[in-house]
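So the structure is just underneath, and the comments pick up after that.
A, B, ... follow the sequence lines: proteins, then strands. Residue 1 opens every chain.
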There are 2 protein chains.
Amino acid sequence: MPLTVLLVDDEPLVRAGLRAVLEAQPDIEVVGEAADGAAVIPLVRRLRPDVVAMDVRMPLMDGIEATHAVLRSVPEPPKILVVTTFENDEYVYGALRAGADGFLLKRARPAEIVHAVRLVAEGDSLLFPAAVRRLAAEYGKDSGTTEARAAMERAALTGREADVLRLMARGLANAEIAERLMIGTETVKSHVSAVLAKLGARDRTQAVIAAYESGFVSPG
Amino acid sequence: MPLTVLLVDDEPLVRAGLRAVLEAQPDIEVVGEAADGAAVIPLVRRLRPDVVAMDVRMPLMDGIEATHAVLRSVPEPPKILVVTTFENDEYVYGALRAGADGFLLKRARPAEIVHAVRLVAEGDSLLFPAAVRRLAAEYGKDSGTTEARAAMERAALTGREADVLRLMARGLANAEIAERLMIGTETVKSHVSAVLAKLGARDRTQAVIAAYESGFVSPG
DNA sequence: TGACGGCTCCCCCGCGCGGGGGAGAAGGAA
DNA sequence: TTCCTTCTCCCCCGCGCGGGGGAGCCGTCA
């Protein structure tokens, strides 16, 4: 009996990616897809998947509400694996509180994705054990950084720009970044300018602030 | 090359149990044992284990301090798997903040124990990802890295310098800070220079990073 | 009374930063 | 193929930033 998975994401591309990765496994079967949280409940009722891989950010009904609904829709609800782009997504905490069983970063490697699906399917308590769940319950949330995070998403930095921003956020000067990345300082300047433009920042300090506020980098 | 594990627990019985469970695996080798956190560092230096299974509650030096010490003892520190009896152990949150990679309940089944060791060894980000780590930091209320916070305290900024740093951390230029504080730009420059000198920062970007890392300002 | 620290303001000076251009190479998509 | 993005590197130029000085005012404390 294969491990059945239901994919829920508003982006077809992401669904296709997940499907490709998961179907490559002989014992995993993607039994359905949904583009929005509102469409999930009937699908869960009919397909009874073992795992629901759910995006947190979706139109109409987001992953938090959908998680809530799914868990109350059937007597033996599927495991919920929350899919997100940013580690410090406020929505993740919300989903956790709603009863999600695990979460997964979109930039995870294929092996990690498969791994995560198997883990939640097994009901592995290492993912979101009660202790962590309690943490989330007591977490005050609503920090107002949603704007910053949205801005960071809209920015759509390229890989190299992200590299540069990470090093900027560690206090490195252009020449130091160039040395670290083994490229010329003029190249670094180009990337820095691109980052500033995309983030709407006037100087590197504002860019670094945006990086912190959006959770692109985290203190500690 | 087997997966090497170092056991740290004040109870010999627990160590024996873990050893029995882990040694039953052909690819896992228990390379050493310690009865207290204080004894861990030299062992880690000598044995270079892949994973340290560490009890949080121990005499002399507890698992939190020990985790801290281990992570600073060698350039490529082992993964720390925190072992605890209770799920809601406050010490677990402390260990998490100290940089532990995963945790394990003593009442876990043998298969789960082996599973957990393998997971942390693989560096699986599903255990304690940054989001959960941040959650723990939030929960503990004391934000910021301990070192960074200590540095900020040592800096002993004057009231005005603190004002200026706060505005710097909001991305304001010197002229804007001057306007906001109703003082001259030259005055602001004086304060900025003082802040940089006290924080050991080379430029305002590094100062702002220090402000975030120390919890002087918080995202959101 | 003097000494000290904090806040305020001023000067000069070097330089890294950021804007505005342009341009070639590589690789994927249409 | 052509088109586009990404990454790479180059030029010039203005300017804000930060360092190094100095200085006056006003409190507190010895």
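- Side chain of B/Ser214 to backbone of B/Ala210: a donor-acceptor contact under 3.5 angstrom is found.
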With salt bridge (Lys or Arg N to Asp or Glu O under 4.0 Å) as the test, would you mind laying out the steps for B/Arg180 and B/Asp163 before giving the verdict? CA-CA 10 Å; B/Arg180 190 73 72 87; B/Asp163 292 341; over 6 Å; no
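- Looking at A/Glu23, its side chain does come within 3.5 Å of a backbone N or O of A/Val30 through a donor-acceptor pair.
- Each end of the helix from C/dT1-D/dA30 to C/dA30-D/dT1 gets its own axis from five base pairs, and the two axes differ in direction by 40°, given to 10 degrees.
- A salt bridge does not link A/Asp203 with B/Arg204: every distance from a Lys NZ or Arg NE/NH1/NH2 to an Asp or Glu carboxylate oxygen is 4.0 Å or more.
- Partners of A/Asp50 by salt bridge (Lys or Arg N to Asp or Glu O under 4.0 Å), not counting sequence neighbours: none found.
- Side chains of B/Val117 and B/Leu3 form a contact here, defined as non-hydrogen atoms less than 4.5 Å apart.
- For B/Thr158, the side chain to side chain donor-acceptor pair (under 3.5 Å) partners two or more places apart in sequence, or in a different chain, are B/Glu161.
- In this structure, the side chain of B/Gln206 engages the main chain of A/Gly171 through a donor-acceptor pair within 3.5 Å.
- In 5' to 3' order, the nucleotides of DNA chain D bounding all contacts with chain B (an atom under 4.0 Å from a heavy atom) are D/dC17 to D/dG19.
- Interface residues of residues 163-192 of chain B facing DNA chain C, ordered by number: B/Ile183, B/Gly184, B/Glu186, B/Thr187, B/Ser190, B/His191; criterion, heavy-atom separation under 4.0 Å.
- Separation of atoms CD1 (B/Ile209) and CG (B/Leu199) is listed at 11.5 Å; rounding is to 0.5 Å.
- Listed by chain and residue number, A/Arg202 satisfy the salt bridge (Lys or Arg N to Asp or Glu O under 4.0 Å) test with B/Glu176 (two or more places apart in sequence, or in another chain).
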